[in-house]
Amino acid sequence: MQKKLSTLLNRPDIWQGSTSSTPEPGLATGYAALDKALHRHGWPTHAIVELLCDHTGIGELQILLPALAKYTQQQRQLVFISPPHQPYAPALHGAGVLTSQTVVIQAASTDERLWAADQLLRTHITSGVVIWLTSPVKHQQLRKLQLAAQANKGLTVLLRPRFAARETSPAALRIDLSATTQTCVLHILKQRGGLAGQIIKLKRPETLITPYMPVPDLPVHAPARDAQTKNLARPTLLPADRSTDTDNVLH
Amino acid sequence: MLWLCLRFPLLPLEVFQLHPLESEDGTEPVIVADRQRVLLCNAPARSKGVKPGVSLATARALSPKSRCFERDLQLEKQALESLAYSCYHLTPAVALCTADSQPEKSEKKTPLLATDSLRLEISGCLRLFKGLSGLLNTLKQTLVDHGYSYRTSLAPTPGTAFLLNYSNTDTIPLFDKISGKLNHSQDFARLLAALPLSALPYNRQLQKKFKATGFCCLGDLLRLPHAAIGKRYGKDFLTHLQQLSGKTPDPQSAITLPPRFDQSLSFDNTITAADMLVFPMQRLLRALCGYLHGRRLHCSRINWHLSLLDGGTESIVLQLSQPQNQFAHFLALSRLQLEGQKLKSPVASLRLHVNHLYPAAEQSSDLFNHHSGGREEDMAAVLDKLRARLGPEAVYRLAPMDNHIPEQAWRKADVDVSNSDSTGSHEHQPPRPLWLLQPPPPLRIVNHMPYWHGELEILNGPERIESCWWQQAICRDYFVARHRDGSNTLCWIYRDRLTNGWFLHGTFA
């Protein structure tokens, strides 16, 4: 009986609440408040991390960047599968991500995105794989991705719209993302082996929210509009035309 | 000297096989004819009563549904060549003997012996394969992949090895498993003497003469004095017999591999679906891999050309991230590409040619560091696969560029090229968005505010970027803006000073 019980308990798909006291440490997120809320003190590896957000531009990639930057600095590959817009190399570089280790894969359909992720994860190359899915996914497809992610010693991140929060997911960590004027709000919906329900507020970078430069009275270049009359299109200095739009908006 | 002779008795038939032998389609009767006589037929045809030697008309009457082919010597030669390439990694002395490779003294004279075979001198390579049995095992693995049926024979001279290939007794047990030395030379001589002359591929005139004189096995000829044989059967035959016993040297010309690989297969109009091309592709890729192994080369690009029956052509180019020589990888990529192909008309021929060849880079793996072992190749392989399915444009790396204009401050880099990151620090630069919108969508102005799915409130700026006055002048003021609609998205917007228009250029993800 004892033997039977122990073989049953040794199955990898049976989770025991008592073993969660000594979890394998995760990857440091780079944010102390977030590390504290995660029971593995960082992003879980060998599993899917699911981030749910509806808008691009609320800092959804920013919270991943410290961990991903560390990856590329260890000469490991970082793969973006179907990002919603073009990842901008100078900004990534500024955040410490080595762009020479960054691969972008554009796949149109959900099936192709999942296939690409599956191919990458099954090679056992420790890497950061970030996948964007916009349309609804079947649970079996996510389950397959989760099985593939178990082979990945690195970070597997899935970004989905917020309506997916209503569906079940095999992800080890699910975080709902929103933003206030100053902060990015992380609401932990699910954490395998740990507590859920915490709300963490991470401040957006200071350089974005606080003015770093006063509005100066800058001159402006304008090329000669009428190139027909002048042989050479010579740039001329015009005084800055301070239009009403800017004046209103910038106090 | 130890010669291994490989003969492929069913080759004329098997070159026309387009499916693996075990597939169900392989069960239709197939007949190969040479000058209106059946040369070979497969088992289903034989069960209908078709036999080698009967006329083609009779065979057609017996088995009307059978597919008939005229013997294609060119195709057979190509198959033998690809087999020779594959055997090249066993020994450098691989001789390819076909009817046209025999040195002929006069054009009219038919050769004494039909000699289609591969002859390998293996005495120098036994130690590498840890003895004769090791070498034969490696040979077996190589040949099984090709799928042709074959016979092997061993002998101290190439001529004897070839003739013994027709013997019913296996010659391999006569030799020591490790050293490759002959165990009992008497047995060997007896075996050679017992060969029936009628079974050996001597030409028709010789066979007639043998019959007339009443000789039935090779031993009868070997016993005769040389002068008598020379007088009766000609000088060439005497030389041939002396070469058998090793008294006269029997030079074999070893193959040299051509500088480029180019092979093709042609079909009758049976190939209508892309997946039917997989088996012929396997054949060509095997030949390619044998060739690459033999020359110690890797290739970075594979070109497939399909000629269609309606006269059109289609080509499939496989670009590899890293030069390599792996059969399985080539095949997987070719299959992926084929999946996307729709054939407008049946395929008449398939050609594989490879120009981009590089010396194989020997990679030594690290003894202690487990991080780097094989990882780069794995990544390259998976990227190849992704590119083959999603298209070459869909997979790329990023590279920053030194340019003030935001949209030109980066470029798409090839995944193959491992570009090093520029060391320039970007830490103290003004904020840059993680997502760039290309082309930047224009913004409306509502209530004196830029509007993009909601009102945008400007937080920060401007940062003026002004450049390229010598061509398309650029003069922009960039601002960080926030959506007021509750989503609080941070955007990077600019006002074009020249047109006074507002544009959204990125978001701070």
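- Looking only at heavy-atom pairs under 4.5 Å with chain A, the residue among B/Gln438, B/Lys385, B/His453 that has the most is B/Lys385.
- Qualifying side-chain contact (heavy atoms from CB on, under 4.5 Å) partners for B/Gln408, counting only residues two or more places apart in sequence or in other chains: B/Asn403, B/Ile405.
- Interface check for chain B: of the options A/Gln106, A/Gln75, A/Gln119, the most heavy-atom pairs under 4.5 Å are formed by A/Gln106.
- Heavy atoms from other residues, nucleotides or ligands lying under 6.0 Å from CD of A/Gln74 number more than 12.
- A distance of 7.5 Å separates CG in B/Leu437 from OG1 in A/Thr56, rounded to the nearest 0.5 Å.
- For A/Arg122, the salt bridge (Lys or Arg N to Asp or Glu O under 4.0 Å) partners at least two apart in sequence or on another chain are A/Asp118.
- Residue-environment remark: NZ (A/Lys203) exceeds the threshold of 12 foreign heavy atoms within 6.0 Å.
- For B/Leu390, the part lying near chain A is the side chain, with the backbone staying farther off; criterion is any non-hydrogen pair under 4.5 Å.
- Counting heavy-atom pairs under 4.5 Å between each of B/Trp410, B/Tyr396, B/Trp470, B/Trp492 and chain A puts B/Tyr396 at the top.
- The candidate from B/Val395, B/Thr489, B/Leu383 with the greatest count of non-hydrogen atom pairs under 4.5 Å with chain A is B/Thr489.
- Looking at B/Ile474, neither its backbone nor its side chain comes within 4.5 Å of chain A, counting heavy atoms on both sides.
- From B/Arg432, atom CZ reaches atom CG of A/Leu92 across 13.5 Å, with rounding to the nearest 0.5 Å.
- Distance check: A/His85 NE2 to B/Thr507 OG1 gives 5.0 Å after rounding to the nearest 0.5 Å.
- Looking only at side-chain heavy atoms (C-beta outward), B/Leu386 and A/Val103 stay at 4.5 Å or farther from each other.
- Of the listed residues A/Ala107, A/Ser82, A/Pro205, A/Pro84, the one with more heavy-atom pairs under 4.5 angstrom with chain B than any other is A/Pro84.
- No more than 12 heavy atoms of other residues, nucleotides or ligands lie within 6.0 Å of CD in B/Gln472, so this atom counts as exposed by the packing criterion.
- The CG atom of B/Leu398 sits 11.5 Å away from atom OH of A/Tyr88, with the distance rounded to the nearest 0.5 Å.
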### Task
Kindly indicate, with the supporting measurements, whether the criterion side-chain contact (heavy atoms from CB on, under 4.5 Å) is fulfilled by B/Met379 and A/Val79.
CA-CA 11 Å; B/Met379 191 68 191; A/Val79 186; 4.1 Å; yes

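- From B/Leu490, atom CG reaches atom CD of A/Gln62 across 10.0 Å, with rounding to the nearest 0.5 Å.
- Applying the side-chain contact (heavy atoms from CB on, under 4.5 Å) test to B/His404 and every residue at least two apart in sequence or in another chain returns nothing.
- For A/Ile81, no part lies under 4.5 angstrom from a heavy atom of chain B.
- The main-chain N or O of B/Phe508 is found under 3.5 Å from a side-chain atom of A/Arg204 such that the two form a donor-acceptor pair.
- Considering all non-hydrogen atoms of both residues, B/Ala409 and A/Pro90 come closest at O-CG, 3.4 Å.
- Of all residues in residues 178-185 of chain A, those placing a non-hydrogen atom less than 4.5 angstrom from a non-hydrogen atom of chain B are A/Ala179, A/Thr180, A/Thr181, A/Gln182.
- Counting heavy-atom pairs closer than 4.5 Å to chain B, the top residue among A/Ala91, A/Gly59, A/Ala89, A/Gly57 is A/Gly57.
- Within the 4.5 Å cutoff, no side-chain heavy atoms of A/Ile58 are placed close to those of B/Asn488.
- When all heavy atoms are compared, the tightest approach of A/Thr99 to B/Ala399 is OG1-CA, 4.3 Å.
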